[in-house]
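Notes follow once the structure below has been shown.
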Amino acid sequence: MRSILVALIVGASLFSVYATSRPSQAALEPTADFDLDAILEEALAEHPRVSARRNTPYKVIGNVVRKERGVENGLRSYRCEVSLVLMERKTGTVRALLSGRASGSGPRLEDLEPQVLRSAVRSALRRLDSLDFAR
């Protein structure tokens with residue numbers, strides 16, 4: 001029985017060393033080109049209780065979790081996915097995890113990327129109206 005316990009402890013230790021020492025495989029580019037908070041604030045402008053920057057009872061923070069550029073039928077294409085967290089501003093309690101994605105194609109990638117990002121944010125925020133906010 002002790003030998004099984006020792007084997008489990010050694011195995012768990014080796015796994016933790018492996019998991020903490022291997023390099024990250026994320027291939028995400030920083031989203032410095034677009035201010036996600038500004039896009040969130042634009043999308044939430046009419047919402048009185050939720051914002052990214054204003055002093056409201058709830059705040060939304062988010063990240064672009066996937067961006068893919070490509071070419072389809074001779075046009076440039078762009079797909080992106082965002083992940084948003086709705087939390088109480090006062091306590092930091094997470095109320096909801098929201099995600100959205102969008103794609104588009106067009107001749108100029110520079111014009112396409114912010115439009116698709118706005119669409120992904122709107123897609124994620126659709127569920128916001130169905131949530132029950134405590135008054």
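Hydrogens, waters and symmetry mates are skipped; everything else that's a heavy atom, side chains included, is used. Just so it is clear, the model here is predicted, and its values are computed rather than measured.
- In this structure, L40 is a member of the same hydrophobic cluster as V64, with clusters built from ILVMFWY side-chain heavy atoms closer than 4.5 Å.
- Residues that satisfy the salt bridge (charged side-chain N to carboxylate O under 4.0 Å, His left out) test with R118, not counting sequence neighbours, are E42.
- Separating the CZ atom in R66 from the CD atom in E81 is a distance of 5.0 Å, to the nearest 0.5 Å.
- In terms of the side chain to side chain contact (heavy atoms under 4.5 Å, CB included) criterion, residue partners of D111 (sequence neighbours excluded) are, by chain and number, R108.
- For R54, the side chain to side chain contact (heavy atoms under 4.5 Å, CB included) partners are E41, L44, S51, T56, not counting sequence neighbours.
- Here the CD-CZ distance, from E68 to R101, works out to 10.5 Å after rounding to the nearest 0.5 Å.
- To the nearest 0.5 Å, atoms CZ (R69) and CG (L109) are separated by 5.5 Å.
- The hydrophobic cluster around V71 extends to none of the other residues, as no ILVMFWY side-chain heavy atom falls under 4.5 Å of it.
- When side chains are defined from C-beta on, L86 does not count as touching V94, because their heavy atoms never get closer than 4.5 Å.
- Counted by atom type alone, R89 and Y58 present zero donor-acceptor pairs between their side chains at under 3.5 Å.
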Give the table of side-chain donor-acceptor pairs shorter than 3.5 Å for residues 120-128, with sequence neighbours excluded, one pair per line with atom names and distance.
from	atom 1	to	atom 2	distance (Å)
R122	NH2	S119	OG	3.2
R127	NH1	L97	O	3.2

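- Taking T91 as the reference, E88, T93 meet the side-chain hydrogen bond (donor to acceptor under 3.5 Å, both in side chains) condition, with sequence neighbours excluded.
- V82 is not listed as a side-chain neighbour of V65, based on a closest heavy-atom distance of 4.5 Å or more.
- Not counting sequence neighbours, the partners of E72 by the side chain to side chain contact (heavy atoms under 4.5 Å, CB included) test are S77, R79.
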